[in-house]
Amino acid sequence: MEMIIVPAGEVTLSDRRTQRKWTVDVASFRLAPVPVTQESYTGEAGKLPATGVSWLDAVRFCNSLSEREGLTPAYDLDSLSWDPAADGYRLPSEAEWEHACRAGTTGARYGPLDEIAWYRENSAESMHDVGGKAPNAWGLYDMLGNVWEWCWDIYDAEVYGEYRVLRGGGWFDEQWSCRASVRRRSHPTFRVDDVGFRLARTR
């Protein structure tokens, strides 16, 4: 898959629950233009996003795909640690995800919601093929709507233990969930029909 080179930059993350804000420097990295499809994940025909994928499923897929392509796997699956120097596929960090989603914009969204995202009001309460809405300025599709996307990060270890971050909103969500800053959390074994993932690479 041809991946998009996301330029380096700075992003300010925020958490509505705690009212906390923090700024992160993001190095340049590569990100897939669309979420992983069912075709790529299971071999099924079509361009629907792969869903029913847990965080653990996603990191295992990243390692498996890396090995198939002769790349160094990014993850140690025993310790659930990430090797930042590895050239294999991985999940984006939360800061990388938001920086890529915003694509240089500063508002809640990178464009008019109906033009860029499938959400409750226009999805007919079902997911849609990837890439069917307008991309952001960096050529990334479906960063908002269609399916939530797993990120690498733990959400809040002190309160939620090993729960991981989800970003982007999904086909069944109201418009307030489909914003660049919205954070959701779930257990790394959780599987549901509006959660998928997107591939990243460090280089």
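For Arg90 and Trp152, the positive end is not near the middle of the six-membered ring at less than 6.0 Å and at most 45° from its axis.
For Phe190, there are no ring pair (Phe, Tyr, Trp, His ring centres under 6.0 Å) partners two or more places apart in sequence or in a different chain. Listed by chain and residue number, Arg120 satisfy the salt bridge (Lys or Arg N to Asp or Glu O under 4.0 Å) test with Glu174 (two or more places apart in sequence, or in another chain).
Applying the side-chain hydrogen bond (donor to acceptor under 3.5 Å, both in side chains) test to residues at least two apart or on different chains, the pairs with a partner in residues 21-33 are Thr12-Thr23.
Here the options are Trp55, Tyr155, Tyr163, Trp150, the test is ring-ring contact (aromatic ring centres under 6.0 Å, His included), and the partner is His187; only Tyr163 passes. The side chain to side chain contact (heavy atoms under 4.5 Å, CB included) with Leu144 is formed by just one residue from the set Trp118, Tyr110, Tyr119; it is Tyr110. For the salt bridge (charged side-chain N to carboxylate O under 4.0 Å, His left out) criterion with Asp15, the lone passing option out of Arg184, Arg183, Arg185, Arg20 is Arg183. The only option from Val165, Leu91, Leu166 that meets the side chain to side chain contact (heavy atoms under 4.5 Å, CB included) definition with Cys151 turns out to be Val165.
Two residues are said to be in side-chain contact when any heavy atoms from C-beta on lie closer than 4.5 Å; Arg191 and Asp57 meet this criterion. Using a 4.5 Å cut-off on side-chain heavy atoms (C-beta onward), Val36 and Phe197 make contact.
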Practice task
Applying side chain to side chain donor-acceptor pair (under 3.5 Å), run through Asn146 and Tyr141 and close with a yes or a no.
Solution key: CA-CA 10 Å; Asn146 217 9; Tyr141 296 82; over 6 Å; no
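Within the 3.5 Å criterion, the main-chain N or O of Arg16 finds a donor-acceptor partner in the side chain of Gln19. Judged by distance alone, the side chain of Arg102 and the main-chain N or O of Gly107 form a donor-acceptor pair under 3.5 Å.
Checked by atom type, the side-chain pair Arg60/Ser64 shows no donor-acceptor distance below 3.5 Å.
Taking CE from Met3 and CZ from Arg203, the interatomic distance works out to 13.5 Å, rounded to the nearest 0.5 Å. One distance of note links OG1 of Thr51 with OH of Tyr41; it measures 10.0 Å at 0.5 Å rounding. Distance CH2/Trp171 to CG/Asp142: 15.0 Å, rounded to 0.5 Å. Atom CD of residue Glu149 and atom CG of residue Leu199 lie 10.0 Å apart, to the nearest 0.5 angstrom. Atoms CZ and OG, from Arg109 and Ser181 in turn, are 9.5 Å apart once rounded to the nearest 0.5 Å.
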